[in-house]
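Have a look at the structure below before the remarks.
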Amino acid sequence: MAIGGDAGRVVGDGGAGTGDNNIILNPEFDSGLDNWSGSGCKIELHDSLDDGKVLPVNGKYFVAATGRTDTWNGVQQDVTSRLQRKLLYEVAATVRLSGAAAAASLCEVRATVAVQNTDGRQQYISVAKSAAVSDKEWVQLQGKFLLNGTVAKAAIYIEGPPAGVDLLLDSLVVKHAQKATPAPAPDFENLEYGANILQNSDLDDGVNGWFGLGSCALSVHGGAPRVLPPMARQSLSPLDDGDGGGEPLNGKHIHVTNRAQTWMGPAQVITDRVTPYATYQVSAWVRVGWQQAAGKPQNINVAVAVDSQWLNGGQVMALDERWYEIGGSFRVESSSTPPSRVMLYVQGPDPGVDLMVAALRVFPVDRKARVKHLRKLTDKVRKRDVVVKVTTSSGGGGAAAAADGVEVRVRQVSNSFPLGACIMRTNMDNEDYVDFFTKHFNWAVFGNELKWYWTEPEKGQLNYGDADDLLKLCSDHGMCVRGHCIFWEVDSAVQQWVKALPADELSAAVASRINGLLTRYRGKFRHYDVNNEMLHGSFYQDKLGAGARAAMFRAASELDPDALLFVNDYNVEGACVDVRATPEAYIAQVTGLQEQGAAVGGVGLQGHVSAPVGAVVRAALNRLAVLGLPLWFTELDVSSANEHVRADDLEAMLREAYAHPAVDGVVLWGFWELSMSRDDAHLVDAEGEVNEAGRRLLQLKREWLTRAHGRADGNGEFRFRGHHGAYHVDVVTPAGAKISQEFTVDKDDAPLVLNITV
């Protein structure tokens, strides 16, 4: 039955829930509707609904938001005086739907914090949501939020369902989130790196240990390659740089016939052979029955089924009857309960097309061994020989003499390799965030603030204020900035008013966008991602024709000739999980644009990677390097619930990038908790504590700074090899006189000679 009206009075006591530091007043409605109000609608108090079928689950009552005419209508409470900035809050809301309109389907319900800062800026923070709320049961929303700036007004409200659907709230808890103790580093002491965990992989015992999924048949034949695939050779023999490979293979392969479904292929259950959190590399030769394929390209995939979860262990598109290398990686991140079943299988080709698999290997990767190899490559790519030549002045105009025995102390001030991070306007109000960003990065990219849907959400309503603020922050700290992005080719990233335009008006809008943006910011951005993710979308090309993309590049080049113009896409960097985004497809796209006169100046690899393996990543970089263009990781992030594993992933990617001669820079796609696009990807928690992944980043930055100390030899020379960047040197004579000098070590094969007279 209904008990209340459309709003309750505001009272000062905490009511129920204050004992556990809940900042919500009257959280279970024990005091009726006190402290609560409707957001654009009425609210009613109930102890039951639908003849007793709907009952409260926490207290004695729940509230219903009725008369809702828009999705944002719901239940709200003002929390202005009870929120503290830079404090992480966790939210739990128990919700349900009601009314005749609610029976149609599942609806999304959201918990949102609406904030007005003291400078008048408004922000809506999406805290928690569920798309599976119905009138059948109560559902709990859970999430976290943090306020960066000083708040003038703040309210939390529950919203989301379509107009006409009644929204029920049983209880709401908002309290300071307690920090969980980080999990320890996984124990890999008994892990045998490089050992194949598959049984009878060489097929010397026929198909023993293998079984066919579905009705397919397995048999063993010869004729397969007799060498390991290159990516496996690179991991197993890194010092050979992929040219080794050990003993030759026996040439046997599994031949799969009678395939009635795409998922049919050879399989093994590997549950007891997989170590949680270890990174496994996958490698094989694969081939299809090309006559059966009738000339149609065939997708081949190594899949890993972990209970109800599916992982992609590698993927390749077979374009003819050759043997193809398939490579990838996976990791089983178990919770407290280990998986009950892990199965690896090879699948993909069309039904009726035979599948052949040879030299299938699954082995844990030894990242420490890889680091030794990468340090040697880094020494070649990122360092230069330096000679500090010290002479003494005669004082009378005579010839200078070598200064023997003077003390030389060299300290690198900064590394010139671009290392940046994604930032957003809302984070600027948090001085701790800004401090970490400006201390540890030298490049930046904006998360959303330069995108067209942000700068012009409605036609003619331009908003460059956020981008201006971020640009000023970077300029004040001497940082270079990437412009991301002028256009975004993926349909879901295009604002509705742009989608609705006919072709001629769309063409005019595109011209207006690029002219307005690049004229305003001419010379301000060092890079531009001209048309984001063209391997995965085709909105502008479909609407404006095949030449639209190249025309965007030509226009951008004319408007800001000093900016490097990039293509930018994901899944190209060696993930081997996306047949649309292979290095070969990217190369073809770039060369196609260049043939149309597009001034493509750089290749962006977003780098949203999972369980990265160095050999797989380097293979992709090697293939892309043939373009002769600078490669950048533009949106790098890694994700793992275990921060030690996350740190290992981040180190693996940064070392691969830094050790590759074609890579000119890396930009991380964020670093701060709640400001990342992926869960479990942050390096610093919301309240400013650096985690293991963040510490690993700082450790690498220290490793990539050179220090040298010694005495000049009999020729007055002190030699060292140092990372590229800015340096400070002190030269101290035996008499105690000191000469200091700043210098820069640029990239060059010839030694840098620094002459100092004392």
Side-chain angles (χ1 to χ4, degrees), residues 192-237 244-274 280-293 298-305 313-316 318 320-330 341-349 352-365 576 615:
E192 187 178 354
Y193 293 110
N196 187 9
I197 66 171
L198 297 180
Q199 294 179 346
N200 188 27
S201 179
D202 293 328
L203 308 175
D204 289 330
D205 195 13
V207 294
N208 184 41
W210 296 91
F211 63 92
L213 284 182
S215 59
C216 66
L218 310 183
S219 57
V220 176
H221 299 266
R226 291 181 174 269
V227 294
L228 279 176
M231 284 182 275
R233 299 203 307 268
Q234 169 64 209
S235 286
L236 296 172
S237 304
E247 294 295 323
L249 304 180
N250 61 17
K252 295 179 181 179
H253 72 273
I254 294 178
H255 194 117
V256 189
T257 57
N258 300 327
R259 298 180 60 257
Q261 302 289 338
T262 58
W263 49 265
M264 291 185 180
Q268 274 197 31
V269 174
I270 56 175
T271 312
D272 297 333
R273 286 168 266 155
V274 173
Y280 288 88
Q281 182 171 346
V282 177
S283 175
W285 292 111
V286 292
R287 185 182 180 188
V288 296
W290 193 242
Q291 187 172 2
Q292 298 156 327
Q298 298 293 313
N299 179 33
I300 306 172
N301 161 248
V302 178
V304 183
Q315 199 154 305
V316 70
D320 50 37
E321 61 183 355
R322 293 175 295 162
W323 286 97
Y324 283 82
E325 177 184 17
I326 191 168
S329 61
F330 71 91
R341 190 170 192 259
V342 181
M343 179 180 68
L344 181 137
Y345 58 105
V346 188
Q347 61 166 357
V353 176
D354 287 359
L355 171 62
M356 288 154 270
V357 182
L360 181 55
R361 301 283 193 275
V362 177
F363 55 90
V365 176
C576 300

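The first residue in the sequence is number 1, and the count goes up from there.
- Contact between Leu218 and Gly212 at its shortest, heavy atoms only, is CD1-N, 3.6 Å.
- Note: Leu249 CG to Leu228 CG = 5.0 Å, rounded to the nearest 0.5 Å.
- In this structure, Asp205 has no salt bridge (charged side-chain N to carboxylate O under 4.0 Å, His left out) partners at least two apart in sequence or on a different chain.
- Within the structure, salt bridge (charged side-chain N to carboxylate O under 4.0 Å, His left out) pairs that include any residue of residues 214-229 do not occur (at least two apart or interchain).
- Of all non-hydrogen atoms in Asn258 and Ala217, the two that sit nearest each other are ND2-CB, 3.8 Å.
- Applying the side-chain contact (heavy atoms from CB on, under 4.5 Å) rule to Thr262 yields the partners Pro351; only residues at least two apart in sequence or on another chain are considered.
- Shortest non-hydrogen contact noted between Ala318 and Trp290 is O-CZ3, 3.7 Å.
- Every residue two or more places apart in sequence or in another chain that forms a salt bridge (charged side-chain N to carboxylate O under 4.0 Å, His left out) with Asp204 is listed here: Lys252.
- When side chains are defined from C-beta on, Asn299 counts as touching Gln315, because their heavy atoms get closer than 4.5 Å.
- The closest side-chain heavy-atom distance from Phe363 to Val282 is not below 4.5 Å.
- Annotation: side chain of Val304 is not in contact with side chain of Tyr280 (no heavy-atom distance under 4.5 Å).
- A donor-acceptor pair shorter than 3.5 Å can be found between the side chains of Ser235 and Gln281.
- Applying the side-chain contact (heavy atoms from CB on, under 4.5 Å) rule to Ala260 yields the partners Ser215, Met264; only residues at least two apart in sequence or on another chain are considered.
- Listed by chain and residue number, Asp202 satisfy the salt bridge (charged side-chain N to carboxylate O under 4.0 Å, His left out) test with Arg361 (two or more places apart in sequence, or in another chain).
- The heavy-atom pair separating Ala224 from Ala358 by the smallest distance is CB-CB, 3.5 Å.
- Counting only residues at least two apart or on different chains, no salt bridge (charged side-chain N to carboxylate O under 4.0 Å, His left out) pair has a member in residues 256-271.
- Every residue meeting the side-chain hydrogen bond (donor to acceptor under 3.5 Å, both in side chains) condition with Asp354, not counting sequence neighbours, appears here in chain and number order: His255, Gln292.
- With a 4.5 Å cut-off on side-chain heavy atoms, Phe330 and Val302 do not count as touching.
- Shown here for Cys216 and Gly265, the closest heavy-atom pair between the two residues is SG-N, 3.8 Å.
- No side-chain donor-acceptor contact under 3.5 Å links Arg287 and Gln298.
- Shown here are the side-chain hydrogen bond (donor to acceptor under 3.5 Å, both in side chains) partners of Ser219, two or more places apart in sequence or in another chain: His221.
- Under the ring pair (Phe, Tyr, Trp, His ring centres under 6.0 Å) criterion, Trp323 pairs with His253, sequence neighbours left out.
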For Val269 and Phe211, what are the C-alpha separation, side-chain angles and deciding distance, and is it a side chain to side chain contact (heavy atoms under 4.5 Å, CB included)? CA-CA 9 Å; Val269 174; Phe211 63 92; 4.0 Å; yes
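- Here the CE atom belonging to Met231 is positioned 10.5 Å from the OG atom belonging to Ser329, to the nearest 0.5 angstrom.
- Checked against side-chain contact (heavy atoms from CB on, under 4.5 Å), Arg322 has the following partners two or more places apart in sequence or in another chain: Asp320, Tyr324.
- Counting heavy atoms from C-beta outward, Val227 and Arg233 have side chains that approach closer than 4.5 Å.
- Between Trp210 and the choices Val220, Val357, Leu360, the side chain to side chain contact (heavy atoms under 4.5 Å, CB included) rule is met once, by Leu360.
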Donor-acceptor pairs under 3.5 Å, side chain of residues 341-349 to any protein atom, not counting sequence neighbours: which ones?
{"unit_1": "Tyr345", "atom_1": "OH", "unit_2": "Trp310", "atom_2": "NE1", "d": "3.4"}
{"unit_1": "Gln347", "atom_1": "NE2", "unit_2": "Asn301", "atom_2": "OD1", "d": "2.8"}

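- Taking every heavy atom of both residues into account, Gly314 and Ile326 meet most closely at O-CD1, 3.6 Å.
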